[in-house]
Amino acid sequence: MILLQSHSRFLLQTLLNRIQNLEKCIELDHHWVEFDDVRYHVQVSMKNPHILLLSLSLPTPPLETVFVGGLPFGAIEAIKAAYGVIVQILDPPRDGFNLTLKLNLSKLPQDEDQRHTLLVKIASVREVVLGAPLRVILKHLASRTVAPDIDQFVALVHRPNESFFLVPQQAEKVTVVFPMRFKDSIDTVLATSFLQEFMESRRTAGLSNAPPCLWSQTPPLELKGVTDDALSANAGFVTFVILPRHVEGRKLDRTVWNLSTFHAYVNYHVKCSEGFMHSRMRRRVESLIQALNCAKPDQEKTKKTPQTRSFKRLNLKDSRTNSSS
């Protein structure tokens, strides 16, 4: 199975190209959209070639989520901790965006490896912003404490008008619940089968240290009190139990990203499975057509030869002779 990368490949390539052509004073103005309706805008003017403006638009949050100043709670602190003095947060952001960052490219490290590492981190701004609340809660789990001033359950946006839920009420574990929704009926059937197999694969010996995973058609009891609209799901509910060993050291970043993009991960493999089945059906139809063509009898080419007749021209004397005889 394929895991999605945490950084935007197009954004990283744009930053690398800009660094290589920093002295050419080339104007940039790029717009693009990535999965889960996350929109980017990169702009560089010819007057300030060393200043790059990066704007980010997040998915529309549902009513149960909590945004502070248009961003998930903890996002501002996470940005400052990740980028330091290289990045400045503009307030207010550009129209139509939740966040606008001002990057001073002249302050990047001179060492090539350090510069590339920092650029990859900047290209992962989606993970830094959307994963900020999850990171705060899981950091407390790593230290076996409960985050203060946290509700019984926390709703985090991950798709337009859709959220998943965290139950951080115990110091030894955090329960994460995903209501799985799909618009297409075929995707719903494939996702249900995929998630059931996903749960069963957890029981293999090689995945014994992975977080416990459960799938059910009904909401788990931990979400008692959540509105019915927030729990509407046509492909069931997936529950993960995150333990302290899953967020120790470098595992924290990987766990935050995998949980933040779990629905996109499932949707990606559902679409791949659908495409694979379509290609198998096309190959099967082609083989059946070929078999039918081979079963047709060979048509014998019959040559129709016309019957030849010869005629003899008779004169008047011959006709009289034939008539008298």
Original post:
Heavy-atom count around Asp29 CG within 6.0 Å, excluding the residue itself: above 12?
Top reply: yes
Mark yes when over 12 heavy atoms from residues, nucleotides or ligands other than Asp111 sit less than 6.0 Å from its CG; otherwise mark no.
yes
Would you say Leu221 has more than 12 foreign heavy atoms packed within less than 6.0 Å of its CG?
no
Contacts satisfying side chain to side chain donor-acceptor pair (under 3.5 Å) that involve residues 61-77 (not counting sequence neighbours) are Glu64-Ser163
Notebook entry, point to check: Taking the six-membered ring for Trp, are Phe240 and Phe262 parallel (under 30°), tilted (30 to 60°) or perpendicular (over 60°)?
Noted result: perpendicular
Tracing side-chain contacts under 4.5 Å among Ile, Leu, Val, Met, Phe, Trp and Tyr outward from Val241 reaches Leu243
Residue pairs passing the side chain to side chain donor-acceptor pair (under 3.5 Å) test with at least one member in residues 243-253, sequence neighbours excluded, are Arg135-Asp253
Is a side-chain donor or acceptor of Ser6 paired with a backbone partner of Ser124 at a separation under 3.5 angstrom? no
Residues joined to Leu231 in its hydrophobic cluster, side chain to side chain under 4.5 Å directly or through other members, sorted by chain and number, are Phe153, Phe165, Val167, Val177, Leu223, Val226, Phe237
Taken in chain and number order and not counting sequence neighbours, the residues that satisfy side chain to side chain donor-acceptor pair (under 3.5 Å) with Glu222 are none
Donor-acceptor pairs are to be reported for all side-chain atoms of residues 113-120 against protein atoms at under 3.5 Å, with residues two or more places apart or in another chain.
| unit_1 | atom_1 | unit_2 | atom_2 | d |
| --- | --- | --- | --- | --- |
| Arg115 | NH1 | Pro109 | O | 3.1 |
| Arg115 | NH1 | Gln110 | O | 3.1 |
| Thr117 | OG1 | Asp113 | O | 2.9 |

Applied to residues 60-89, the ring pair (Phe, Tyr, Trp, His ring centres under 6.0 Å) test, sequence neighbours excluded, yields none
- Item | Same cluster (ILVMFWY, side-chain, under 4.5 Å), Leu53 and Leu12 | no
Donor-acceptor contacts, no H, no angles, side chain residues 273-286, under 3.5 Å, sequence neighbours left out:
| unit_1 | atom_1 | unit_2 | atom_2 | d |
| --- | --- | --- | --- | --- |
| Ser273 | OG | His269 | O | 2.8 |
| Ser279 | OG | Gly275 | O | 3.4 |
| Ser279 | OG | Phe276 | O | 2.6 |

Does a side-chain heavy-atom distance below 4.5 Å link Leu28 with His30? yes
Besides Leu214, the hydrophobic cluster formed by Ile, Leu, Val, Met, Phe, Trp and Tyr side chains linked at under 4.5 Å, directly or via other members, contains none
When rounded to the nearest 0.5 Å, the distance separating OG of Ser232 from CD of Glu162 is 7.5 Å
inquiry  = Do Leu259 and Leu156 have side chains that approach each other closer than 4.5 Å (heavy atoms only, starting at C-beta)?
reply    = no
Across all chains, not counting sequence neighbours, the side chain to side chain donor-acceptor pair (under 3.5 Å) partners of Ser8 are Glu34
Here the gap from Ser106 atom OG to Ile51 atom CD1, rounded to the nearest 0.5 Å, amounts to 6.0 Å
query = Taking atom CD of Gln196 as the centre, does the number of heavy atoms from other residues, nucleotides or ligands within less than 6.0 Å exceed 12?
reply = yes
Paired with His263, the ring pair (Phe, Tyr, Trp, His ring centres under 6.0 Å) test is passed by just one of Phe178, Phe35, Phe182, namely Phe182
| message | Looking at Leu63, I want to see if its CG is surrounded by more than 12 non-hydrogen atoms of other residues, nucleotides or ligands under 6.0 Å. | response | no
For Arg39, the side chain to side chain donor-acceptor pair (under 3.5 Å) test, sequence neighbours excluded, returns Ser57
Members sharing Ile26's hydrophobic cluster, built from side-chain contacts under 4.5 Å between Ile, Leu, Val, Met, Phe, Trp and Tyr, are none
